[in-house]
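Worksheet: one structure, shown below.
All of these numbers come straight from a predicted model, not from anything done at the bench. Basis for what follows: all heavy atoms, side chains included, without hydrogens, waters or symmetry-related copies. The sequence lines fix the lettering, A, B, ..., with proteins before strands; numbering per chain opens at 1.
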Amino acid sequence: MSQALLDHLNPEQQRAVKKTGGPLLVLAGAGSGKTRVLTYKIAYLLEIGQANPYEILAVTFTNKAANEMKHRVETLLQVPVDSLWIGTFHAICARILRIEGKRIGFGSNFTIYDVDDQTRLIQQVMEGLNISTHNLKPRKVQYIISDNKNKMIGPEQYERMAADFTEQNISKIYYEYKKAMQQNAAFDFDDLLLKPLDIFTRYPDILEKYQKKFKHILVDEYQDTNKAQYHLIRQLSASHRNVCVVGDEDQSIYRWRGADIENILSFEKDYPDCEIVRLEQNYRSTQTILDAANALVARNKRRLGKNLWSKKPVGVKITSLYGDDEAHEALQVADIIKRELMSHQYSYNDVAVLYRTNAQSRALEDKLRRVNIPYSIVGGTRFYERKEIKDLLAYFRILVNPKDSIALRRVINFPTRGIGLTSQQTLERHAVTQNINLYQALIEVENIPELSKTRQQRVSDFVNKLEDFRQEVATSPAYQIAVEVVDTFRLKKQYTENMTLEDEGRLENINELLNSIANFTETHPEEPTLDKYLEDIALLTDIDRWDPNYDAVTLMTLHSAKGLEFPVVIIVGLEDGLFPLFRTFNNDDDLEEERRLFYVGMTRAQESLYLLWANQRRRFTAEDSGMSFRNMPSRFLTEIPDQYKEEPIVSRRQPGDRSFPGKEYDKVSTSTAQVAEDSLFKIGDWVKHGSFGKGQILGIETSGAGTKLTILFNQKELKKVIAEYANLQMVQS
DNA sequence: CAGACAAGGCTTTTT
DNA sequence: GCCTTGTCTG
């Protein structure tokens, strides 16, 4: 049987799988089958009796990859491997924290704070410290704190390094933030990695337990590990030293969040006795795409070097196109998709459109919707970050962890129940002076004479309901509680009263969340509790929520595309300043990372690759909102040798193609009549608006902001909207 | 205290 | 355009 496993692999892959003792570095180029190697290696270790499932730790980059890998191992071996430890760094750390939490004293009911929660907490901390949020934005402080955590710099060390007044303030905030997180029994994403390390240092017996347990450790995407992750692997593998890391330095794209490419570059130094296997045969792309990508990335200095080759045919050359602006670019994308689907037997989900920034998706969405090409977006405004969803989740979070004051503040007066700002401030003051948490203050509300009897009553009504649910939360299934909470606190009522289109959307989202909880309850029969559910969704990646089988074109950032492949890949926005971004021009390391990102994008393509850039693009930046930029083509385009590219197709947009007037930023031709003539919209046209519904255009005028349309909605509401923003769809009267 | 309305910032990538 | 924040009124 074990030989049968190996038969599916090429000689290098076999070598990687068969090396079962000691450190192993697998340098796996794009599309060289590294997931396959990891999967087979786990299967092989189990098959030959080198390890039991619970003695293997495998770290993947997404939860989806973890589930797929586990599933494939089970298919290969025909036995379940439930006790395997496989997941993302964050998921595995959360698991360790739950197990060890009780003993360490923080309990196992902690909450995971996302960036939004963190920022709110930082804002509170700043208010408490009397530091104005005017010049120093909480969001920026959040970023700085996270950055320092990624480098394993704590508040003490940061304080010592603080050079100026602002940094001294940040250091104060950092201290208080850390304290507040503890009081809230909350961990942020960085804590999830740092806390286990902290525990290992303070409780060596716990470290020893895991060192003994994990006889074999496998890590995927090792080039994107940060300092904390590096130390975790180092410490956990110290006893058995059977550590296999797989990665590709050319695909390291997370430097900005603390990933250190040195981790993979110096693996040999860390483990002088390590074996190195290079996987250079690519099974994904045509030779043309591969050669072009190789030539591009060869310009980078900091790499171990390899040369990918493919047995696949040479294939078609890379197509590059350029057009007028983002709307025109989107039109070209739509054309490419239609053409590819017609000339090959592709379906929509064979096509991916990749971009550097999430904001670029809007123009694409607009166009694809108009021409009826189905699409699905990965990332962007995330489902779990929507207001109505966060409100609902806040209720659940309080039930699981009443110390979570961010969640409590969020819903203490939502839906409004007569506990206004003044009452809240009184409660907070009481909490601070009595040195108790906010939830406790609500429970003891009758001890707060500053609040009138009616106010006290309102508070205790609220907190008593919560207390009732808290009795249930550990035992009842998540779905049951969720439905009861929505019912008791009338969380849908807000949105059912007027039923605008926006309300409908919010209701849909709430129902979708309830469905997902129902689904969770069914698929986790052994522990269908709310706290497990909350942890699950907190650690989801964007890709985890994406369904590759749904027949739609996929729109996502280049970062999200890592690890995926599509027959047709279209990369848009290849303009100097956007990709690569302006701010990377003066820093070689940053520029090399942008180049690697482009390399990742190119190597997603199996058959055809399209590269697009637009002459002019409207961008929102901190300095200049909504201005249009003139762009030069990306320097990366010229770094691809001509022999792999078709002559660039320069197309001027035909007047009839215009989704909106193209020249209004030129400041040359802005007379109303002319723009109105150029516009896709005419007076009298019928359009549909996302929240206002159907309406008729009564007037068109131009202003500095764009084309202003006066529209009569539902025959009664007169509104002025900016055409470029309004997300309008043309409809028949 | 609640709701309506205006004003201003925003977008580099994500666990 | 979106979203958050601040201000005003009943």
Counting side-chain heavy atoms from C-beta on, which of B/dT14, B/dG3, B/dT15 comes nearest to A/Thr541? B/dT15

Take atom CH2 of A/Trp546 and atom P of B/dT15, then tell me their distance rounded to the nearest Å. 14 Å

For B/dT12, take OP1 and OP2 only and decide whether either is under 4.0 Å from a side-chain N or O of A/Thr557. no

When the distance from NE2 of A/His134 to P of C/dT5 is rounded to whole Å, what number comes out? 14 Å

Within this structure, what is the OH-to-P distance between A/Tyr254 and B/dT12, rounded to whole angstrom? 16 Å

Donor-acceptor side-chain pairing of A/Ser560 and A/Thr557 below 3.5 angstrom: yes

Considering just the side-chain nitrogens and oxygens of A/Gln229, establish if one lies under 4.0 Å of OP1 or OP2 belonging to B/dT15. no

When the distance from CD of A/Glu127 to P of C/dG6 is rounded to whole Å, what number comes out? 8 Å

Exercise: do A/Glu221 and A/Gln223 side chains pair donor with acceptor under 3.5 Å: yes

Any base atoms under 4.0 Å from A/Asp114, or only sugar-phosphate, or nothing? Heavy atoms, all strands. nothing

Which part of the nucleic acid, if any, lies within contact of A/Glu221, taking any heavy atom under 4.0 Å across all strands shown: a base, the sugar-phosphate backbone alone, or nothing? nothing

To the nearest Å, how far apart are A/Ile122 CD1 and C/dT4 P? 17 Å

Any chance the side chains of A/Ser146 and A/Asp190 put a donor and an acceptor closer than 3.5 Å? yes

Which parts of residues 585-594 of chain A get close to DNA chain B, meaning a heavy atom less than 4.0 angstrom away? none

Given the side-chain rings of A/Tyr254 and A/Phe61, with only the six-membered ring counted for Trp, is the space between their centroids under 6.0 Å? yes

Is it true that the side chains of A/Gln457 and A/Asp461 contain a donor and an acceptor less than 3.5 Å apart? yes

Counting side-chain heavy atoms from CB outward, which of B/dT11, B/dT15, B/dG3 is closest to A/Asp542? B/dT15

Counting only side-chain heavy atoms from C-beta out, which of C/dC2, B/dT15, B/dC1 sits nearest to A/Arg455? B/dC1

What nucleotide, of B/dT14, B/dT12, C/dT5, holds the atom closest to the side chain of A/Asn358? B/dT14

If you pin A/His559 and A/Thr422 to their nearest nucleotides in DNA chain B, which one's is more 5'? A/Thr422

Indicate, with a heavy-atom threshold strictly under 4.0 Å, whether A/Ser560 touches base, sugar-phosphate, or nothing. sugar-phosphate

For the rings on A/Phe579 and A/Phe636, is their centre-to-centre separation under 6.0 Å? yes

Check whether any side-chain nitrogen or oxygen of A/Asn150 sits under 4.0 Å from OP1 or OP2 of B/dT15, and answer yes or no. no

Give the nucleotide from the list B/dT12, B/dT11, B/dT15 with an atom nearest to the side chain of A/Thr88. B/dT15

Please state whether the base of B/dT12 and the side chain of A/Trp256 form at least one donor-acceptor pair under 3.5 Å? no

Here's a test of your reading of the structure: between A/Leu539 and A/Ala359, which maps to the more 5' nucleotide of DNA chain B? A/Ala359

Using a heavy-atom cut-off of under 4.0 Å over every strand shown, decide if A/Leu558 touches base, sugar-phosphate, or nothing. nothing

Once you apply a heavy-atom cut-off of 4.0 Å, does A/Thr584 come out as touching a base, just sugar-phosphate, or nothing? nothing

Which residue is it: A/Asp224, A/Asp590, A/Asp260, A/Asp147? I am looking for the one with a salt bridge (charged side-chain N to carboxylate O under 4.0 Å, His left out) to A/Arg255. A/Asp590

Is it true that the side chains of A/Asp544 and A/Thr541 contain a donor and an acceptor less than 3.5 Å apart? yes

Nearest to side-chain heavy atoms of A/Asn413, which nucleotide of B/dA2, C/dT5, B/dT13: B/dA2

In terms of side-chain heavy atoms, does A/Asn509 have a donor or acceptor partner in A/Glu388 at a distance below 3.5 Å? yes

Measure from CZ on A/Arg583 to P on B/dT11 and round the result to the nearest Å. 11 Å

In terms of side-chain heavy atoms of A/Arg139, which of B/dT12, B/dT15, B/dT14 is nearest? B/dT14

Rounded distance in Å - CZ (A/Arg417) to C1' (B/dC1): 14 Å

Between CG of A/Leu564 and P of B/dT14 the distance, given in whole Å, is 13 Å

